[in-house]
Amino acid sequence: MLDYVIIGGGVVGTLIARELSKYEVSILLLEKENDIGNHATLANSAIIHSGHDPKPGSLKAQLCVRGNTMYETLAKELKIPLIFSGAFVVARDQEEVDTLDLLYQRALHNGVKEVALLDADEAQNREGNLADGVLKVLDLPTTKVTYPWEVAIAALENALLNGAQFKTNAKVTKISPVNDHFIVEINQQEEIEARYVINAAGVYADELASFVEDDLPYRITPRRGEYFVLDKKVKGFVERVLYPVPSDKGKGVLVVPQVHGNILLGPTSEFQDAKENRDNHSDHLNWIRRDSEKLAKNIPFDQIIRTFSGLRATSTYHDFYIQPAKKHPQFIHVAGIDSPGLTAAPAIAEYVVKTLLNRDQRLPKKTDFNPNRVKKKPFYESHFEEKLQLFKEDHRHGHIVCKCERVTEAEVVAAIHSPVASPTIKGIKKRVRAGSGLCQGGYCENTIVKIIARELNIPISEVDYYEKETPILWKETKVKR
Ligand SMILES: Cc1cc2nc3c(=O)[nH]c(=O)nc-3n(C[C@H](O)[C@H](O)[C@H](O)COP(=O)(O)OP(=O)(O)OC[C@H]3O[C@@H](n4cnc5c(N)ncnc54)[C@H](O)[C@@H]3O)c2cc1C
């Protein structure tokens, strides 16, 4: 029997796996998709919020501020990108200025460090493309930006190094409490037994929790957010994250510099019933254009290279719901993890393990826990001599597969065979950025399909684009005679 089963391979589940791997316990993480980090963890603003926005006294406020401070160490240990961008919250009329003053008090109350109010001139001096007509700004220097799915991949890689296990294509279809443990059914076929179940299943958390809790105190009501992505040529257009003054609908449309130089514009905020629908709508995208211009002037809309959307696991509980189940306390709810869930994720993991699990029982600590992930420097970031050395070690570094991001064949092959691999077009993109540039994979995808097929010894028509059974090549249209 296993000690812990974690359901969900998003940033929350993977960081919980890593936190638990500091102890002498057996851990299995189950993910229904063919890759980890394919849901909210894939499609968000990537901001490590300061903690100025959550309601004082809420778990969101506590874990957001704590999570923000943990990212610096996390970035060093897991070698994840992190930029110390800072942020401005921008007020444009007197009503917003009044709200900004309250937000300043809220930030102080939540324990956000270095927060300050700036007048328009000071703000314009610091952020050249700030929109005209701004009256006052809340300066949040502790805001940062990361690369969200790499956080999840890195956390799981490190958890595996420390003894955890994981399974993809493993959908939990039933959970049955039996005496002092649970039987967890996977894909309606396999059964495993575990003493504890940690439910970090994002928008599906309520459906899974209803197997063990009759009177569930929350329901997940997915809230979609849509975005534009601007090409990394625009790097430096803004230095900081720009937020509007928040409203009942959330933080509003933002302008967000990304770790590789791109800029995100978005997100929108629309409730929907469906837990999978991640479409984009032209009227919502027009709304992003309009709202983002209230924050920044001269936005280079001609540099848009992509749109996408993600679903927030917003809950009717209006806070993170992180508690043991009432009747079966060895089932831990980690639910309603919408924004700022990426920021809070390391603190959520710490809270689950140290506060909830370690409260009644003393988990035995490992003496040889290794917090560090080994990550190879991308080829294009290497100096000339380093590149020569890499080429000597593996000649496939001489073949640039993705010209936009300058990714080599050796890097694609390494990603296919990495410990937390997902040999799909999107899986490779998530790991080495092939297809993330201006042409969005138009140039490299056909080569990557061939490399995956060759490495896995499968026909090219079996290489998936993203999810299971999404091949981009279907049949031969020209046959050699
Ligand atoms: C539009 C948008 C913008 C956001 N911006 C920010 C931001 O800037 N900063 C910030 O801090 N937060 C932000 N967030 C929130 C943040 O992205 C999420 O809180 C965080 O990613 C949640 O991670 P998770 O692991 O809980 O969920 P997910 O990443 O959704 O992971 C849950 C996983 O569970 C799996 N799963 C579900 N059911 C089953 C099952 N039956 N069996 C096995 N596996 C299952 C899913 O496949 C999925 O991989 C944003 C979210 C959205 C959508």
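Scope of the values below: all heavy atoms of this structure, side chains included, with no hydrogens, waters or symmetry mates. Both counts, for ligands and for their atoms, begin at 1 and track the order of listing.
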Quiz item: Nearest protein heavy-atom contact for atom 41 (N) of ligand 1: which residue, which atom, what distance?
Solution: Val172 O, 3.1 Å
Quiz item: Distance only, no hydrogens: is a donor on one side chain within 3.5 Å (strictly under) of an acceptor on the other, for His333 and Tyr218?
Solution: yes
Quiz prompt | ligand 1 N/O within reach of Asn44 N/O, cut-off under 3.5 Å | solution = yes
Quiz prompt | Residue portion contacting ligand 1 (non-hydrogen atoms closer than 4.0 Å) for Leu311 | solution = backbone
Quiz item: Is there at least one pair of N or O atoms, one from Ile7 and one from ligand 1, spaced under 3.5 Å apart?
Solution: no
Quiz prompt | Residue part near ligand 1, for Pro148, under 4.0 Å between non-hydrogen atoms | solution = neither
Anything under 3.5 Å between a donor and an acceptor, one on a side chain of residues 54-64, the other on a protein residue two or more places apart or in another chain? List them.
| from | atom 1 | to | atom 2 | distance (Å) |
| --- | --- | --- | --- | --- |
| Ser58 | OG | Lys55 | O | 2.6 |
| Ser58 | OG | Ala61 | N | 3.1 |
| Lys60 | NZ | Asp338 | OD1 | 2.8 |

Practice problem: Just let me know how Val12 lines up against ligand 1, side chain, backbone, both or neither, with a heavy-atom cut-off below 4.0 Å. | Solution: both
Exercise. Sequence neighbours left out, what passes ring-ring contact (aromatic ring centres under 6.0 Å, His included) with His318? Give chain and number order.
Key: none
Self-check item: Nitrogen or oxygen of Val11 less than 3.5 angstrom from that of ligand 1
Solution: yes
Quiz prompt | ligand 1 atoms in contact with Ala43 (distance to a heavy atom under 4.0 Å) | solution = 1 (C), 2 (C), 52 (C), 53 (C)
Quiz item: atom 3 (C) of ligand 1: which of Tyr204, Tyr227, Phe320 has the nearest heavy atom?
Solution: Tyr227
Quiz item: Is there a donor-acceptor pair under 3.5 Å between the side chain of Glu226 and the backbone N or O of Thr268?
Solution: no
Practice problem: Assess the side chains of Glu33 and Tyr466: does a donor N or O sit below 3.5 Å from an acceptor N or O? | Solution: no
Exercise. Find out whether Asn262 and Leu230 are in side-chain contact, i.e. whether some heavy atom of one side chain is under 4.5 Å from a heavy atom of the other.
Key: no
Quiz item: Less than 4.0 Å between a side-chain N and a carboxylate O, is that true for Lys136 and Asp101?
Solution: yes
Practice problem: For His39, take its heavy atoms, then give the atoms of ligand 1 lying under 4.0 Å from any of them. | Solution: 30 (O), 46 (C), 47 (O), 48 (C), 49 (O)
Exercise. Check each heavy atom of Ala170 against ligand 1 and say whether those closer than 4.0 Å belong to the side chain, the backbone, both or neither.
Key: backbone
Quiz item: What protein heavy atom is closest to atom 36 (N) of ligand 1, reported as residue, atom name and distance in Å?
Solution: Lys32 CE, 3.9 Å
Exercise. Would you tell me whether Asn162 and Lys22 have side-chain atoms, one donor and one acceptor, within less than 3.5 Å of each other?
Key: no
Quiz item: Mind checking whether Ile47 has an N or O less than 3.5 Å away from an N or O of ligand 1?
Solution: yes
Quiz item: Going through the distances and angles, do Ser339 and Lys251 end up as a side-chain hydrogen bond (donor to acceptor under 3.5 Å, both in side chains)?
Solution: CA-CA 9 Å; Ser339 189; Lys251 293 186 197 69; 2.8 Å; yes
Quiz prompt | Ile36 contact mode with ligand 1 (heavy-atom cut-off under 4.0 Å) | solution = neither
Quiz item: Where does Ala313 meet ligand 1, judged by heavy-atom distances below 4.0 Å: at the side chain, the backbone, both, or neither?
Solution: neither
Practice problem: Using a 4.0 Å heavy-atom cut-off, say whether Ala46 meets ligand 1 through its side chain, its backbone, both or neither. | Solution: backbone
Quiz item: Does any N/O atom on Thr41 come nearer than 3.5 Å to any N/O atom on ligand 1?
Solution: yes
Practice problem: Using a 4.0 Å heavy-atom threshold (strictly under), name the region of Arg223 that reaches ligand 1: side chain, backbone, both or neither. | Solution: neither
Exercise. Examine Gly310 against ligand 1 and note whether any of their N/O atoms are separated by less than 3.5 Å.
Key: no
Quiz item: With only distance considered, is Gly202 within less than 3.5 Å of ligand 1 through an N or O on each side?
Solution: no
Quiz item: Does Glu31, backbone or side chain, put an N or O under 3.5 Å from an N or O of ligand 1?
Solution: yes
Quiz item: Going by heavy atoms in the side chains, are Val253 and Arg290 under 4.5 Å from each other?
Solution: no
Quiz item: Ile6 pairs by side-chain contact (heavy atoms from CB on, under 4.5 Å) with which of Ile198, Val197, Thr14?
Solution: Ile198
Self-check item: side-chain contact (heavy atoms from CB on, under 4.5 Å) partner of Ile192, chosen from Val172, Val184, Ile183
Solution: Val184
